[in-house]
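Worksheet for the structure shown next.
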Amino acid sequence: MPPIPDPYTPGEVPRVLIGREIELQRVRDRVSRVATFGEMGGPLLVFHAPRGVGKTSLLRTAQQQAAAVGCVCAWVACTRKLPFLPELAHATDRALVSAGVVAEEPVRRRWRERLDRVSIEVGPPGVRVKGEIALDPDAPPPAPDRAPIGALEDLLHDAATLARGEHGAGLILFLDELHAASADDLGVLLNAIQNLSGERERHPVAVVAAGLPVTPEAITRAATFGERSDFAALDLLSDEDARALLTAPAETLEIGWSADALELVTDECRGHPYLLQLLGSATWRAASPEAGDILTAEHVRAGVPAAQSQLDAMYRARWGVASPAERGFIRAMADLGDDNVGRAAIAARLGTDSRALSVPRESLIEKGVIEPVGHGLVRFTLPGFAEFVRHRAPA
Ligand SMILES: Nc1ncnc2c1ncn2[C@@H]1O[C@H](COP(=O)(O)OP(=O)(O)OP(=O)(O)O)[C@@H](O)[C@H]1O
Ligand SMILES: [Mg+2]
């Protein structure tokens, strides 16, 4: 019999999303307001967590659920390289086109015109054309920086109305990696959402986002009222969920896990979804199980080198993108142990003033290498990184 293919998904959306029922329910509440009442689904909802904790997986699952109740879903992954508002306009267009709601004239022509106008307004700052192309030559031009906000409001209103149409539910925007959006673009988005919520019954749309733990701060910096967005931290998985992450994909293929194998993996991964998927996958590959087999602690141990070499590649990538000042900070942190580390201890270790650490600290948080854990303490976001830095980081 050919071996059963590995059901684990390190680095991809999981086959079974474990333990995010409360978060999914929060999105479903938004989606129901849009679908049932045809109104706006509340303020921006933002999930935040370090790398690998499951933001994209959560958003993708929520997207499937929203699509299943008839919503048109647009998806944007923000990057530092591209201005995000034009991406948002394109993604919305793609979603409407594939839902077939802008196929017929004259709707098609009107939507293209709206899109063209918006694309000009929300182009990259500097290239941005200020002021909407006036349809009425006598109308006064809108104030310059209001233009992209108004353009985005019009786009979202039109797209949401088209998505709802006669029989549809509405429009849901999913924005992943929101921390990477520029402050300018973020400000426009927040203002547009705020303005639309003033007449929420006219706009069947909701916006759900995810980003690194710096996202709430970036949002509040982009617009003070941004702090009234809904923020939800995504936690690591509980022990029970960690075990379910391992057993659920195997069970459907009639493969079991022994209790000590489960314990070994869950102790090692401490609730980190990516690590659990990685070690689950490595164990599976080491065992090449057939239906009815049990994965054992031996299989886990046999899989560790493959998982370790994948992890080393990730550690190396994080180390590789760090500047000299950031590496100094990382090294000092690693030398202080595997636990949470305070700013004063790092400063003492480097023989410098703790204020001098602000820049590397902020940039490492923004890169997702470290995260604040309260009381001025930070920790590495990927378990095992401190050990890597102490023993295996290139000089
Ligand atoms: N709730 C979950 N159940 C099962 N697997 C999960 C869950 N959450 C995440 N994973 C797995 O963990 C890994 C990381 O998930 P994901 O890519 O969603 O994280 P992320 O927070 O978006 O990370 P990044 O910040 O790097 O984009 C993936 O391999 C995914 O399969
Ligand atoms: Mg992601």
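As the structure is a prediction and not an experimental result, all values here were calculated from the model. Indexing begins at 1, ligand by ligand and atom by atom, following the structure's order.
- For the residue pair Asp184 / Ser182, no side-chain donor-acceptor distance below 3.5 Å is found, with atom types taken as modelled.
- With sequence neighbours excluded, the residues that form a ring pair (Phe, Tyr, Trp, His ring centres under 6.0 Å) with His157 are His203.
- Rounding to the nearest 0.5 angstrom, the gap separating the CZ atom in Arg80 from the CD atom in Glu177 is 9.5 Å.
- Residues passing the ring pair (Phe, Tyr, Trp, His ring centres under 6.0 Å) test with Tyr315, sequence neighbours excluded: Phe385, Phe388.
- Of all protein atoms, those that are N, O or S and lie under 2.8 Å from the Mg ion (ligand 2) total 1.
- In the model, Thr381 has a side-chain atom that pairs as donor or acceptor with a side-chain atom of Arg318 under 3.5 Å.
- Between Arg20 and Asp241, no side-chain nitrogen of the basic residue sits less than 4.0 Å from a carboxylate oxygen of the acidic one, so the salt-bridge criterion is not met.
- Side-chain atoms of Trp284 come within 3.5 Å of backbone N or O of Ile4 as a donor-acceptor pair.
- Side-chain heavy atoms closer than 4.5 Å link hydrophobic residues (I, L, V, M, F, W, Y) into clusters, and following such links, possibly through other members, connects Phe174 to Leu45.
- Within the 4.5 Å cutoff, no side-chain heavy atoms of Glu227 are placed close to those of Ile219.
- The residues lining ligand 1, counting any heavy atom closer than 4.0 Å, are Thr9, Pro10, Gly11, Glu12, Pro14, Val16, Leu17, Ile18, Arg20, Pro50, Arg51, Gly52, Val53, Gly54, Lys55, Thr56, Ser57, Glu177, Leu245, Pro273, Tyr274, Gln277.
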